[in-house]
Q: 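I have a structure here, written as structure tokens, and I will follow up with some questions on it.
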Amino acid sequence: SVRLRYLRCSRCSDPRKLTDTGCRQYGQQYRRTFWQGSIFYQVIHDRVIRQQKTGYRLYNHEWNRCLSEVVLPQFNENRKHYLLEIGDKIRIDIKQISKIISDYDHCGCNYTADDVIADFVSKNPEYFLSPFVEGVIANLKVLGKIRTSETYATTIRSFIRFRKGRDVALSDMDSDM
């Protein structure tokens with residue numbers, strides 16, 4: 001099965017460290033309604049649970065825990081547009097994960113929750129370095145930092161050429177790479 005999870009404090013998911021006023025470990029003094037958290041996809045198969053973090057950031061009043069869906073604001077049009085986009089992406093991702101699971105079930109082969117997450121990540125370009133850097137480059141151009149964006153573009157082209165045309169998943173990047 002697939003479930004959506006919302007964690008209030010992305011830096012501290014330990015519920016023992018949460019208080020009504022914030023996260024003790026990081027000394028945050030914000031009320032819970034102003035915390036921004038992350039959406040996770042949770043895949044459960046044969047009593048094994050695996051999670052995939054998304055880049056979708058929401059405040060807890062923008063997430064309906066019972067329905068596992070985005071709540072749209074009434075007055076802030078910019079935020080509303082952003083949340084509509086996130087809601088659409090979540091629906092597409094859930095359909096994709098459900099299709100991966102049904103494909104495994106249909107073929108009758110054994111699979112794990114790790115296999116489902118690995119297939120999802122491999123088919124989703126936003127979890128790879130090149131699309132991520134391309135997004136950064138586009139943002140730099142919008143901000144008027146043309147030379148910096150050109151440097152980033154040259155760097156990513158060189159990196160992909162070094163890797164013989166193979167992109168790298170963001171989750172695979174570490175200091176030993």
Side-chain angles (χ1 to χ4, degrees), residues 1-44 49-101 116-117 120-153 155-156 167 169-171 173:
S1 71
V2 180
R3 289 185 6 198
L4 295 176
R5 278 191 72 208
Y6 172 81
L7 294 179
R8 279 188 296 263
C9 179
S10 62
R11 289 174 274 171
C12 177
S13 59
D14 186 352
R16 293 169 295 171
K17 295 178 182 172
L18 293 174
T19 66
D20 286 338
T21 57
C23 172
R24 281 188 227 144
Q25 183 176 358
Y26 293 96
Q28 295 176 341
Q29 295 301 315
Y30 303 109
R31 298 185 61 77
R32 286 187 178 179
T33 56
F34 299 113
W35 284 6
Q36 206 173 36
S38 297
I39 299 293
F40 287 79
Y41 299 135
Q42 189 175 60
V43 176
I44 305 168
I49 300 170
R50 293 294 180 258
Q51 292 183 355
Q52 177 61 44
K53 183 179 180 182
T54 68
Y56 311 143
R57 308 277 298 160
L58 305 172
Y59 294 101
N60 69 346
H61 64 274
E62 296 171 336
W63 183 252
N64 184 326
R65 290 178 192 271
C66 297
L67 300 175
S68 291
E69 63 183 31
V70 175
V71 177
L72 299 176
Q74 294 177 353
F75 303 110
N76 188 342
E77 287 300 317
N78 290 336
R79 190 71 181 166
K80 187 175 187 177
H81 177 69
Y82 170 75
L83 293 174
L84 281 170
E85 188 176 313
I86 286 178
D88 290 342
K89 287 180 180 179
I90 288 172
R91 280 187 282 286
I92 290 168
D93 288 349
I94 293 300
K95 282 183 184 177
Q96 186 177 3
I97 292 171
S98 297
K99 183 179 180 334
I100 291 168
I101 292 170
V116 174
I117 293 294
F120 172 70
V121 169
S122 71
K123 294 177 182 176
N124 199 333
E126 73 183 43
Y127 294 110
F128 286 89
L129 182 63
S130 289
F132 171 76
V133 173
E134 288 170 9
V136 171
I137 291 168
N139 288 339
L140 287 169
K141 287 180 180 176
V142 168
L143 294 172
K145 299 187 181 265
I146 304 301
R147 298 295 292 159
T148 305
S149 69
E150 290 170 355
T151 303
Y152 277 45
T155 303
I156 192 64
D167 204 351
L170 292 174
S171 60
M173 293 188 67

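Because only heavy atoms are used, hydrogens play no part in the values below, and waters and symmetry mates are left out as well, while side chains stay in.
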Q: Return the set of residues passing side-chain hydrogen bond (donor to acceptor under 3.5 Å, both in side chains) with Asn139 (not counting sequence neighbours), or none when no residue passes.
A: none
Q: Suppose the criterion is salt bridge (charged side-chain N to carboxylate O under 4.0 Å, His left out): which pairs have a residue in residues 71-83, not counting sequence neighbours?
A: Glu62-Arg79
Q: So which heavy atom on Leu67 is nearest to which on Asn64, and how close?
A: N-OD1, 3.1 Å
Q: What is the minimum heavy-atom distance between Pro131 and Asp167, and which atoms define it?
A: CD-OD2, 3.5 Å
Q: What is the minimum heavy-atom distance between Lys89 and Tyr41, and which atoms define it?
A: O-OH, 4.2 Å
Q: Would you mind listing every salt bridge (charged side-chain N to carboxylate O under 4.0 Å, His left out) that reaches into residues 132-150, with sequence neighbours excluded?
A: Arg147-Glu150
Q: Considering residues at least two apart in sequence or located in another chain, which fulfil the ring pair (Phe, Tyr, Trp, His ring centres under 6.0 Å) criterion with Tyr82?
A: none
Q: Can you list everything that forms a side chain to side chain contact (heavy atoms under 4.5 Å, CB included) with Val136? Sequence neighbours excluded, please.
A: Phe132, Leu140, Tyr152
Q: Looking at side-chain heavy atoms only, is the closest gap between Ile90 and Tyr56 below 4.5 Å?
A: yes
Q: What's the shortest heavy-atom distance between Leu83 and Pro73, and which atoms?
A: CD1-CD, 3.4 Å
Q: Could you grab the distance from atom CG of Asp93 to atom CG of Asp88, nearest 0.5 Å is fine?
A: 11.0 Å
Q: Could you grab the distance from atom CD of Gln52 to atom CD1 of Ile39, nearest 0.5 Å is fine?
A: 13.5 Å
Q: Applying the side-chain contact (heavy atoms from CB on, under 4.5 Å) test to Val43, which of Ile100, Ile117, Ile49 qualifies?
A: Ile117
Q: Which distance, rounded to the nearest 0.5 Å, do you find between the OG of Ser98 and the CZ of Phe120?
A: 10.5 Å
Q: Please round to the nearest 0.5 Å and tell me the distance separating atom CD1 of Ile86 and atom OG1 of Thr54.
A: 7.5 Å
Q: Not counting sequence neighbours, which residues clear side-chain hydrogen bond (donor to acceptor under 3.5 Å, both in side chains) with Thr151? List them please.
A: none
